[in-house]
A.B. asks: 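Here it is, the structure in full.
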Amino acid sequence: MTEPLIRIEGIGKRFVARGGEPATVFENLHFSIEPGEFVCLIGHSGCGKTTILNVLAGLDTASEGYVFVAGREIDGPSLDRAVIFQSHALMPWLSAMGNVAFAVRSRWPQWSADRVRAHCARYLELVNLKGAENKRPAELSGGMKQRVGIARALAIEPKMLLMDEPFSALDALTRGVLQDEVRRICAETKQTVFMITHDVDEAILLADKIVLMTNGPHAKVAEIVRNTLPRDRHRDTLHKERHYYALRNHLVDFLVTRSRLFNANPPPGYDPRHPPEIAPGMESTPSPEAAAPSPAERVVISLRH
Amino acid sequence: MQTPAWNWRATLLSAALLLLFLGAWHVGTLPNAGEQTVDPEYAKLVGAAAASGQKSALPGPGDVGSKLWSHIVDPWYDNGPNDKGIGIQLAYSLARVLAGYLLAALVAIPLGFLIGMSATIYKALDPFIQVLKPVSPLAWMPLALFTLKDSGVSAVFVIFICSLWPMLINTAFGVASVRREWLNVARTLEVGPLRRAFRVILPAAAPTIMTGMRISIGIAWLVIVAAEMLVGGTGIGYFVWNEWNNLSLSNIICGILAIGLVGMALDRSLERLTRLVTFPE
């Protein structure tokens, strides 16, 4: 078995409450990300999604457990793991070009100004920002700001992208357009991505693998859902794909009820170190009713390696 | 937004208020003509104003105006230590203010950076700042005169100490409240500490630092007048005090006006600089 790009082994996060017992946000998390894979993490607020992303980014540390990047334990932030922040996090005193150039100069300090400029222009063009290079963030719309954030992350040519609900602050139309672009860019560049979302449709459109988290406190990885839709998918034809409803219903059902009840009543044989991998709709007919998640209908593939 | 018509009205109103004030001043200081009781020979000797039995020695707007004009046409004359042009006096004051102010900026901005970046240094220095900040800068004057043994340098020291606090506190506050997300961007890009300080923290905190610098220059200009009244010799503060000793109220009013105008110019130029470093969110 080859080494995954990211391997998470039993990480947990505890906060020491004032005078009380330590509060556990999540614990005993295990999952991995293969090179070229697009992984979405879905869970309700408070299950520690952002903390997990920050641990992967090196901005935060887990209270316990280990995270390995290409076989080596994580040691602080790295240019190999670019972060796209929820709030775009652009520096308002720099232009769009300036923001991207700041990142590019961090990666390649020895580059000449012309080379930096050309490199930035290429990535701003990739996210369709040609013509807005010299605008300050305040002069850009929310969607354009997030595009700059994406260009900044891609421009340093990282080994993987970490996205923290990157489109949640955008209106539905802009979100759709940006999702399509991220899909296109990641498919073209075979980028490895770890993205946090609470939007089921976003996960279905973008992800190869969807990690489902139970509610906090003591959140866990309940299961890992393989996206059973063909890799080449489009927003307008998505709902006509064979396993679409089976997949969507499975995810919605998890978020609505099972994420809440899972901790108290884990399914028999559940082992957090090897969360079951599920491919909704692969066995049964893809009707919405039939896709309701009962254990008999699930294909359980062990993640043991 | 203000429309041009609105501005025009405000200007007109300002001009009307000025005229009203000048008129009231003129009427209030009119000599009581016709009540001349003194001998005409004596009147010739002591001057019209004194002889006319005017109740107040306060000069009218005409007197002040002509005095002001004489200062404007010849601000650089130098007739010995007690009679220098208003331009020379203002230049002395400005030089002292700028020297003390720039020294304070050199100390306050790096120190404020340290305080803003480190909670430990902040906690360690906070009691000193809290005790020293409310001390009137003039209270330092005797100590400065004794230790520095030079009245000019002491005045600069007083300006230094009074400009220090607003810059120090604003720099520390600006640096401490740089948004977490910008620092996180710098961390994920593996930006070194120096580049982070100059390329992220400094531009982010610049508007707050500049606000502190603007407060400081205002305070420094207030304090220099009082300091120069104490140390004497040169400067606009000394000029005002000297004219009090000369009982030339016209010159005192000219001095007040000059202090106000220079103070406004200082504030305006700092405001311009602040606008240069301010970024819209």
Side-chain angles (χ1 to χ4, degrees), chain A residues 50-51 53-61 74-95 98-109 135-140 142 145 148-149 152-164 166 169, chain B residues 1 105 109-110 112-113 116-120 123 167 170-214 270-281:
Chain A
T50 298
T51 311
L53 186 127
N54 283 344
V55 169
L56 289 187
L59 294 170
D60 201 346
T61 49
I74 249 177
D75 174 28
S78 158
L79 281 157
D80 285 336
R81 280 166 278 126
V83 184
I84 296 175
F85 295 88
Q86 185 176 9
S87 56
H88 64 76
L90 298 181
M91 300 183 190
W93 57 89
L94 294 174
S95 65
N99 270 286
V100 180
F102 180 77
V104 172
R105 282 202 203 94
S106 310
R107 174 108 211 185
W108 296 286
K135 289 198 170 141
R136 300 269 188 106
E139 302 168 277
L140 299 173
K145 278 184 233 180
V148 180
R152 176 173 66 185
L154 290 171
I156 58 171
E157 294 174 358
K159 290 216 177 79
M160 81 173 297
L161 276 184
L162 301 168
M163 303 199 229
D164 184 5
Chain B
M1 289 305 284
I109 293 173
F113 244 81
M117 303 248 259
S118 154
T120 314
K123 278 185 188 145
M167 285 198 257
N170 268 46
T171 305
F173 177 73
V175 168
S177 49
V178 171
R179 288 231 217 117
R180 187 101 237 132
E181 53 185 50
W182 297 332
L183 297 174
N184 278 345
V185 168
R187 283 178 68 199
T188 57
L189 293 174
E190 299 185 46
V191 172
L194 263 183
R195 189 155 177 261
R196 187 184 56 187
F198 283 101
R199 288 302 169 90
V200 181
I201 297 173
L202 188 62
T208 321
I209 297 175
M210 284 306 299
T211 306
M213 294 183 77
R214 196 173 157 199
L270 263 292
E271 192 197 356
R272 280 275 167 81
L273 286 177
T274 309
R275 231 182 290 157
L276 276 184
V277 299
T278 304
F279 45 82
E281 288 274 343

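Lettering of chains follows the sequences in order, A, B, ..., and the numbering in each one begins at 1.
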A.B. asks: Answer with side chain, backbone, both or neither: which region of B:Ala204 has an atom nearer than 4.5 Å to a non-hydrogen atom of chain A?
C.D. replies: both
A.B. asks: If only atom types and distance count, is the side chain of A:Asp60 paired as donor or acceptor with the main-chain N or O of A:Thr51 below 3.5 Å?
C.D. replies: no
A.B. asks: Can you tell me how the ring of A:Trp93 sits relative to the ring of B:Trp182, calling it parallel under 30°, perpendicular over 60° and tilted otherwise?
C.D. replies: perpendicular
A.B. asks: Could you tell me which portion of A:Leu79 (side chain, backbone, both or neither) has an atom closer than 4.5 angstrom to a non-hydrogen atom of chain B?
C.D. replies: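 Both parts, backbone and side chain.
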A.B. asks: Heavy-atom distance under 4.5 Å to chain B: side chain of A:Arg107, backbone, both or neither?
C.D. replies: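 Answer is neither: A:Arg107 stays 4.5 Å or more from chain B.
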A.B. asks: Could you look at B:Val200 and say if it's the side chain, the backbone, both or neither that has a heavy atom under 4.5 Å from chain A?
C.D. replies: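 The answer is both parts of B:Val200.
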A.B. asks: Measuring heavy-atom distances to chain A, does B:Val185 have an atom under 4.5 Å in its side chain, in its backbone, in both, or in neither?
C.D. replies: both
A.B. asks: Taking everything shown except B:Phe279 itself, do over 12 heavy atoms lie less than 6.0 Å from its CZ?
C.D. replies: yes
A.B. asks: Where does A:Leu162 contact chain B at under 4.5 Å (heavy atoms): side chain, backbone, both or neither?
C.D. replies: neither
A.B. asks: If you count heavy-atom pairs under 4.5 Å with chain A, which of B:Arg179, B:Arg180, B:Glu181 comes out on top?
C.D. replies: B:Glu181
A.B. asks: Tell me, out of B:Pro203, B:Pro280, B:Ala186, who's got the most heavy-atom pairs with chain A below 4.5 Å.
C.D. replies: B:Pro203
A.B. asks: Just one of B:Arg195, B:Glu190, B:Arg199 clears the side chain to side chain donor-acceptor pair (under 3.5 Å) bar with A:Ser106, so which one?
C.D. replies: B:Arg195
A.B. asks: At their closest point, which heavy atom of A:Met91 faces which heavy atom of A:Asn99, and how far apart are they?
C.D. replies: N-OD1, 2.8 Å
A.B. asks: If every non-hydrogen atom of A:Pro158 is compared with every non-hydrogen atom of A:Arg81, which pair is closest and at what distance?
C.D. replies: CB-N, 4.4 Å
